[in-house]
Amino acid sequence: MFTVGHYLSERLSQIGLKHHFAVAGDYNLVLLDQLLEHGGTKQIYNCNELNCSFAAEGYARENGAAAAIVTFSVGAISAMNGIGSAYAENLPVILISGAPNSNDHGSGRILHHTIGTTSYNYQLEMVRHVTVAAESIVSAENAPAQIDHVIRTALREKKPAYLEIACNIANQPCARPGPVSSLLSYPAPDKESLATALKESLSFLEKREKVVILIGTKLRSADALEDAVKLADKLGCAVTVMGASKSYFPETHPGFRGVYWGEVSSPGAQKLVEEADGVITLAAVWNDYSSVGWNSLVRGKNVLEVSPDHVAVNDHVFEGFHLKDFVDALIKKAPKKPASLTGQYEPATLPKASPSERLTNDEMARQINHLVDSKTTLFAETGDSWFNAVRMNLPKGAKVESEMQWGHIGWSVPSIFGNALAAPDRRHVLLVGDGSFQLTAQEVAQMVRYELPVIIFLVNNYGYVIEIKIHDGPYNYIQNWNYAGLIEQFNGGVGGEGGGHGLGLKATTGAELAAAIEKAKKNTRGPTLIECQLDRSDCTEALTEWGKRVGAANSRSPKLT
Ligand code: TPU
C-alpha cells in the first residue's frame, strides 16, 4: 500500500535529499515509520528541535534543500527559530510537524502539547510568518496537492515552507507522485522586460569607466555563482565580495580584489568600490551589519543593482525574470571594462608567532587558514569568528558559511553537523566562540554518533566579545566550561554501549595548537574540539571598528517629531 508518508518520502528523495532530520514525538511517530518504510532518505536524529531545524538549514546550504520532522507545538515552535534562519538565509527547508488526530480537529477537546485551547490552528498561523507556503493535511485525498504545493514553492522561492500532517493520516492510502519536473520547473522569463533591462544596463555601462562587481549574499540562492565568474571574465573588471558572501567568488581569480565591508574591508577594497563610477551589485543585501551601522550603503546613480527578482538602473526597475536570466544575457553583450583592474591583489598574511608564546587570535587564525584547503568548508559563527573567517585567504573550492542575516548564536554547531552529512568528502572546520557554543553544544554528540570528523575551534575568550565591542556590561561575561573535557562525555554510544570517537583538546600556545591540529586530522571517525584559550582583549581590529559603528547606530536618539 502506498501512503501519505510514502508520497512525502518519495518527493523528498526525488528533489535530491539523501537524509531527513528528526526528533520523535507521539504526533509524528507514524510518519517517521512511513519514512523509514519507504526509504530513499536516511533518518538522522537531533538532540532537540532547534538543532534539528539548524541541521536542516546547514544541509540545505550544501544540498540545495532539506527536511526537518518534529512533533506538535513543543517541537515545532522550537524549530521555527531555525526556520526563521532558513528564511533569512534563503534556504528551502521543509518543516514537517506531526499534528493532532483529524477526528480531534473541531471537536472542542483539549490535547496534550497544545497551549490548552480547543483550537489547534495557532501553530499554522505562527509559522506562516517564517515560511512561503504552509499547509495542514487532514485528509489523504488532498495530501499530494498540498505536499507538492509546499515543496514547489520552497524550491522556487529558496525559502522554507511548512506541512503539518494529522497523526492518523500519515499511514493512509494515497496516490503515487508523477515526474518531479513539475516541482522543479520555473515560469519562463518575460522577454520584453528582460530585453529592456539589458538595453538600459548596457547604456549604463557604456558611460562608465571604472566598473567594479560586488558579489552579494543572495547570489548562491539565485544559482548564479558560476555566471558571476563568466560576467567578470567578460567585463575584465575588478570583483569584490560582501562579508556574508565570502567564498562566493574564487579568490584566485585575476579580478578578485577582496572583501568590501565599508570601513572594515580588505586593504584597498573600500577605495575601489567607493571610487568606482559604476558598481554592479549582484544580489546584495544591505542591513545595519553589512553596511557597518548604515555607513556604507552601495546604492544610487552609479549602481546597476541586480537582485534576485529585479534589476534597478538609470532610475528604472525591471521585473519578471530571474537574476540568472539577466546575468546570462549581460554576459553575451557586456563590453570590456578593465580600468578598475590596476595593481595586484595582495592577500593579507599573518606573521608566524613564536611557538612557545601565549596563543593569540592572529596565530590561531594563521594556523586555521593553513588548514583550509580546496575541500574545506569553514563555518564561521557570529562573533569575532566572522572577522577571522573574512580575513582568511581561500584556495579555489574552499567554502565559507556564515549566518549574518539571522545571526543566531549557536547556529553553527547543528548547522555544520547537517552540512557535514551532506558533503562527506569535504573537510568541515568550525570557528565558534565560547558564548555561542554554550547554546547548542549538545549537538556535538550527534557528530560522535554519526562519526563525522568535524574540527571545532572553540575560541575561549571568556565572554561575549562581539557584544563587549558593541556595548559593554556585566551581561557579557559568562560561566566558563571545561570545553575539552565536555567532549569525552559525549562518547557514551547509542544505548550506552560507549565507544565514541569524540576528542577534546586544549591549546594555550602556538605549539600546542599545531600539535592539536595534527591530532584532529588523524581523528577521522569523530569530531575534535580544540579549545583555544585567548586573552579577552585579543580580537581582530575589524571587530573593534565594526562594533563601534554598529553600537553608534543602535544608540541613535529617537527623532523628534
Ligand atoms: O567571538 P565572540 O567572543 O564575540 O563570540 P561568542 O563568545 O560566541 O559571543 C557571542 C556573543 C553574542 C550574543 C550574546 N553575539 N550576539 N549575541 C546576541 C544573541 C543572543 N541570542 C541569540 C540566540 N543570538 C544572538 N545573536
Do Glu305 and Thr281 have side-chain atoms, one donor and one acceptor, less than 3.5 Å apart? no
Donor-acceptor contact present, side-chain Gln146 to main-chain Ser136, <3.5 Å: yes
Polar side chain donor-acceptor pair, Asn121 to His105, under 3.5 angstrom: no
Quick check: are there more than 12 heavy atoms from other residues, nucleotides or ligands sitting under 6.0 Å from NZ of Lys396? no
State yes or no: are the ring centers of Tyr27 and His112 separated by less than 6.0 Å? yes
Among Val70, Thr71, Ile77, which residue meets the side-chain contact (heavy atoms from CB on, under 4.5 Å) test with Val74? Thr71
Of all heavy-atom pairs linking Arg128 and Ala134, the shortest is NH1-O, 3.4 Å
Taking the side chain from Arg61 and the backbone from Ser402, do they hold a donor-acceptor pair closer than 3.5 Å? yes
If you count heavy atoms of other groups shown closer than 6.0 angstrom to CD of Glu141, is the number above 12? no
Donor-acceptor check, side chain of Tyr59 to backbone of His19, threshold 3.5 angstrom: yes or no? yes
When you compare the side chain of Phe417 with that of Val413, does any pair of heavy atoms fall below 4.5 Å? no
Between Glu403 and His408, a side-chain donor and acceptor under 3.5 Å: no
Does atom CZ of Arg109 have more than 12 heavy-atom neighbours, drawn from other residues, nucleotides or ligands, at distances under 6.0 Å? no
Heavy-atom closest pair (Gly178 atom, Gln14 atom, distance to 0.1 Å) is O-NE2, 3.5 Å
